[in-house]
Amino acid sequence: MGAWGTGSFENDDAAGWLANVGAITPDGLTQILLQAADNPGYLEAAPAGIAVAAAEVVAALNDAPAQGVPAQIVEWTKKNRQASTPELRALAVRALERVRRNSEVKDLWLEADGLNDWIAAIQDLQARLGS
């Protein structure tokens, strides 16, 4: 995973996903989060990074976007406002917890001595989701 910061969109996987977010349906967003939240094995970097980006979409849907949220997310939330549910928000929190506890992304940040900053970014997102 190429990363240039601890932000949710500051890695190759999330940036690539963001480029195509307009084609993602609300059900597709739910599936991304379910795969991360319910994956019993080790969560690889790509699905973990994409799950974090998807959680940012959920935060934006719930009027708690990241500072400087990408325009693609703003547009997606305008078109899919009906997708905002308490269940989706809870699923996003579960997926983030899974990424934070047992994922390749976590391990990569540990190796790069950036784990504390990355965890702080994840916890900020969890707080914006209301966890």
Side-chain angles (χ1 to χ4, degrees):
M1 174 181 87
W4 51 92
T6 58
S8 299
F9 300 103
E10 294 179 336
N11 64 77
D12 291 335
D13 297 315
W17 181 80
L18 180 61
N20 297 308
V21 74
I24 302 291
T25 65
D27 286 342
L29 184 71
T30 300
Q31 286 304 310
I32 290 165
L33 295 168
L34 275 171
Q35 289 173 354
D38 294 343
N39 182 337
Y42 186 70
L43 196 57
E44 299 293 330
I50 291 168
V52 172
E56 284 287 4
V57 173
V58 177
L61 268 175
N62 289 281
D63 299 320
Q67 187 174 21
V69 66
Q72 299 96 312
I73 302 296
V74 173
E75 288 303 313
W76 194 94
T77 59
K78 285 179 184 176
K79 294 176 186 172
N80 295 283
R81 182 60 60 190
Q82 79 287 354
S84 176
T85 64
E87 294 82 13
L88 183 62
R89 196 167 54 245
L91 177 59
V93 169
R94 259 190 29 224
L96 287 172
E97 198 55 28
R98 177 73 171 71
V99 170
R100 188 176 69 81
R101 289 178 186 258
N102 188 24
S103 72
E104 186 178 15
V105 174
K106 176 198 155 231
D107 293 342
L108 290 169
W109 280 114
L110 178 63
E111 290 172 13
D113 292 327
L115 185 62
N116 289 338
D117 292 338
W118 178 75
I119 287 175
I122 295 295
Q123 288 174 330
D124 171 70
L125 176 50
Q126 288 176 310
R128 287 187 284 114
L129 287 163
S131 69

Inset, instruction - Mind checking the OG1-CG spacing from Thr77 to Asn62? Nearest 0.5 Å is all I need. - result: 10.0 Å
Inset, instruction - Could you pull out the closest heavy-atom pair between Pro65 and Arg128, with the gap in Å? - result: C-NH1, 3.4 Å
Inset, instruction - Over all heavy atoms of both residues, which pair between Glu56 and Ala66 is shortest? Give the atoms and the distance, please. - result: OE1-CB, 3.5 Å
Legend entry - Asn116, CG: over 12 other non-hydrogen atoms inside 6.0 angstrom: no
Legend entry - Derivation and outcome, side-chain contact (heavy atoms from CB on, under 4.5 Å), residues Trp118 and Val99: CA-CA 11 Å; Trp118 178 75; Val99 170; 3.7 Å; yes
Inset, instruction - Could you tell me whether Arg94 and Glu97 make a salt bridge, using a distance below 4.0 angstrom between a side-chain N and a carboxylate O? - result: no
Inset, instruction - Using a 4.5 Å cut-off on heavy atoms from C-beta on, say whether the side chain of Val69 contacts that of Val74. - result: yes
Inset, instruction - Test Gln72 against every option in Val57, Asn20, Val21 by the side chain to side chain contact (heavy atoms under 4.5 Å, CB included) rule and name the one that passes. - result: Val21
Legend entry - Distance, nearest 0.5 Å, that separates CG of Leu61 from CH2 of Trp76: 5.0 Å
Legend entry - Stepwise side-chain contact (heavy atoms from CB on, under 4.5 Å) check, Leu33 with Leu88: CA-CA 9 Å; Leu33 295 168; Leu88 183 62; 3.9 Å; yes
Legend entry - Pairwise distance NZ(Lys106) to CD1(Ile119) - rounded to 0.5 angstrom: 7.5 Å
Inset, instruction - Could you pull out the closest heavy-atom pair between Ala37 and Leu91, with the gap in Å? - result: CB-CD1, 3.9 Å
Inset, instruction - Taking Glu104 for its side chain and Ala45 for its backbone only, find out whether a donor-acceptor pair lies under 3.5 Å. - result: yes
Inset, instruction - Could you grab the distance from atom CD1 of Ile122 to atom CG of Asp117, nearest 0.5 Å is fine? - result: 12.0 Å
Inset, instruction - Look at the side chain of Asn11 and the backbone N and O of Ala14, then say whether any donor-acceptor pair between them is shorter than 3.5 Å. - result: yes
Legend entry - Atom pair CZ (Phe9) and CD1 (Ile73), whose distance is rounded to the nearest 0.5 Å: 4.0 Å
Legend entry - Closest approach of Val93 to Gln126 (non-hydrogen atoms, all atoms of both residues): O-NE2, 4.0 Å
Legend entry - Point-to-point distance, once rounded to the nearest 0.5 Å, from OG of Ser8 to CG of Leu18: 11.0 Å
